Amino acid sequence: MFAVFWIEIHKQIKMSHCREFDTGDMVAALKFADNLRQRQAAGEYIRHISMSSENTNSVGVPSAAIDYHWAEHKIAA
């Protein structure tokens, strides 16, 4: 799944938005985000446009890396 997030500002009121796209719709999500960026470039008050994805085929329990200690695994110089 993909999601595009953005903030629109109307009369100093900030409203956050999100639009979700199915896993196979990455091109549609990219086009939607690009359209928002074009509107922003044209002067509309749209900010913080971002896109994220969720891997539905991930392996393991979410947040399994909580006990990971990066300092123990850094490469010695």
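Quantities reported herein were computed from a predicted structural model and do not represent experimental measurements. Only heavy atoms go into these numbers, but all of them, side chains included; no hydrogens, no water, no symmetry mates.
Summarising the geometry of Ala29 relative to Val4, their closest heavy-atom pair is O-CG2, 3.7 Å, with the distance given to 0.1 Å. In terms of heavy-atom proximity, His17 sits nearest to Met15 at CD2-O, 3.3 Å.
Side-chain contact check for Phe5 versus Ser16: every heavy-atom pair is 4.5 Å or farther apart. Annotation: side chain of Glu44 is not in contact with side chain of Gln38 (no heavy-atom distance under 4.5 Å). Side-chain atoms of Met51 and Phe2, non-hydrogen and from C-beta on, do get closer than 4.5 Å to each other. Contact check for Phe32 versus Leu30: no side-chain heavy atoms found under the 4.5 Å cut-off.
When Arg19, Gln40, Arg37 are each tested for a side-chain contact (heavy atoms from CB on, under 4.5 Å) with Trp6, only one passes: Arg19.
Note that the OG1 atom of Thr23 and the CE atom of Met1 stand 7.0 Å from one another [nearest 0.5 Å]. Interatomic distance, CG of Leu36 versus CD1 of Ile49, reported as 5.0 Å (0.5 Å rounding).
Both Ile7 and Tyr45 belong to a common hydrophobic cluster when Ile, Leu, Val, Met, Phe, Trp and Tyr are linked at side-chain heavy-atom distances under 4.5 angstrom.
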